[in-house]
Protein chains: 2
Amino acid sequence: MATPELDRIDRKILDVLQRNARVPLTELAQEVGLSASPVSERVRRLERSGVITGYHAHVNPQALGRPLLVFVELTLSSKSGELFQKLRDELLHEPRVLECHLVSGHFDYLIKARLSAMSEYRELLAQILRKIPVPAQSNSYVVMEEIKEGLALPLDLS
Amino acid sequence: MATPELDRIDRKILDVLQRNARVPLTELAQEVGLSASPVSERVRRLERSGVITGYHAHVNPQALGRPLLVFVELTLSSKSGELFQKLRDELLHEPRVLECHLVSGHFDYLIKARLSAMSEYRELLAQILRKIPVPAQSNSYVVMEEIKEGLALPLDLS
DNA sequence: GCTGAAACTGAATAGTT
DNA sequence: AACTATTCAGTTTCAGC
């Protein structure tokens with residue numbers, strides 16, 4: 001997990017795998033200009049060193065009946081570490097919550113959730129607030145159009 | 001691309017592939033309780049029908065020198081369709097912007113970006129605002145702790 | 001540290017129930 | 001619609017450079 005040096009070939013491998021995690025090793029090898037065996041070793045090294053943290057299928061939310069994307073800004077009236085831990089646990093185990101971040105600024109948490117309908121939003125928010133024993137303030141933002149969504153990071157291929 | 005029926009086995013397949021996109025077909029077949037060939041057909045069908053939209057390696061942002069995660073709320077003073085299109089194009093082609101959504105509420109756009117440092121944030125915001133010919137207001141939120149980040153959707157496996 | 005070949009493992013296809 | 005057997009493609013290992 002120590003930060004390893006990433007050379008040009010490693011970065012190219014990451015670039016390809018970010019776009020298509022199921023590309024055959026032989027094809028990946030062609031794209032980076034090596035034979036299959038060193039590429040296999042490099043991929044394994046990137047996995048073991050924690051540079052690649054996983055391979056995930058991306059599924060269309062509409063197909064699973066979750067057309068609603070909502071962001072919630074949450075502010076807690078008390079900011080004890082114990083309280084934050086309680087909320088963290090609740091959000092981690094709630095699969096409708098795709099993202100959750102502790103932020104600096106006008107509120108404490110930014111939460112991203114995919115839901116079936118607005119009725120589910122009210123239900124989810126009530127469920128979260130029920131778990132924390134102090135008043136909390138929330139602002140929600142319903143996404144009208146998804147311009148872009150992904151996790152792929154830019155790579156310098158020079 | 002028409003919404004297909006997803007039976008119990010399809011949902012189980014999606015559940016497994018969301019967690020590990022590179023699981024061997026034979027292992028996937030075991031987990032869902034079928035032999036490899038029908039599972040292969042089902043996966044292909046899920047891909048062709050648009051339920052599975054891709055397979056992506058998840059890369060550690062720290063390893064690529066992007067320790068800073070920032071959310072930006074953007075409000076445009078004029079809301080013409082042409083202006084929105086111009087901004088959309090700019091954000092789509094900016095790889096440091098991982099997400100961008102048009103929202104309803106107190107601002108117009110919510111943007112998520114991964115950056116190397118605060119200096120890069122100032123530079124990115126200036127670059128974006130330079131492209132739009134009207135005043136815009138922005139609020140930014142720096143992430144202090146990432147509790148959860150993913151794209152995996154919940155699946156009913158019953 | 002990469003190449004290339006050989007051995008092995010997993011995937012795709014066709015034919016059967 | 002799924003299973004089995006066969007064929008084919010992809011991956012891993014290892015000797016040589």
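Naming convention: chains lettered A, B, ... in sequence-line order (proteins, then strands); numbering from 1 in each chain.
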> Can you list, by residue number, the residues of residues 23-47 of chain B that have a non-hydrogen atom closer than 4.0 angstrom to DNA chain C?
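Heavy-atom contacts with DNA chain C come from B:Pro24, B:Leu25, B:Thr26, B:Ser37, B:Ser40, B:Arg44.
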
> For DNA chain C, find the residues of residues 6-19 of chain B with a heavy-atom distance under 4.0 Å and give them by number; none if there aren't any.
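Nothing qualifies; none.
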
> Starting from C1' on C:dT9, measure out to CZ on B:Arg22 and report it in whole angstrom.
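Rounding to the nearest Å, CZ of B:Arg22 and C1' of C:dT9 are 15 Å apart.
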
> Nearest 0.5 Å please: distance from the CD atom of A:Glu99 over to the CD atom of B:Glu149.
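Rounded to the nearest 0.5 Å, the CD-CD separation comes to 5.0 Å.
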
> Members other than A:Met144 in its cluster, when Ile, Leu, Val, Met, Phe, Trp, Tyr link by side-chain heavy atoms under 4.5 Å?
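Members other than A:Met144 - counting any ILVMFWY side chain reachable under 4.5 Å - there are none.
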
> To the nearest 0.5 Å, what is the distance between CD on B:Glu145 and CG on A:Asp108?
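It comes to 12.0 Å.
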
> Which distance, rounded to the nearest 0.5 Å, do you find between the OG of B:Ser140 and the CG of B:Leu74?
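Going from the OG atom of B:Ser140 to the CG atom of B:Leu74 covers 11.0 Å.
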
> OH/A:Tyr109 to CD1/B:Ile147 distance, rounded to the nearest 0.5 angstrom?
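A:Tyr109 OH to B:Ile147 CD1: 5.0 Å, rounded to 0.5 Å.
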
> Quick one: CG on A:Leu17 to CG on A:Leu46, what's the gap to the nearest 0.5 Å?
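The CG atom of A:Leu17 sits 8.5 Å away from the CG atom of A:Leu46.
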
> With rounding to the nearest 0.5 Å, note down the distance linking CG in A:Leu115 to CD in A:Glu120.
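Between A:Leu115 CG and A:Glu120 CD, I get 4.5 Å after rounding to 0.5 Å.
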
> Give a yes or no on this: more than 12 heavy atoms of other residues, nucleotides or ligands lie within 6.0 Å of atom CZ of B:Arg22.
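Yes.
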
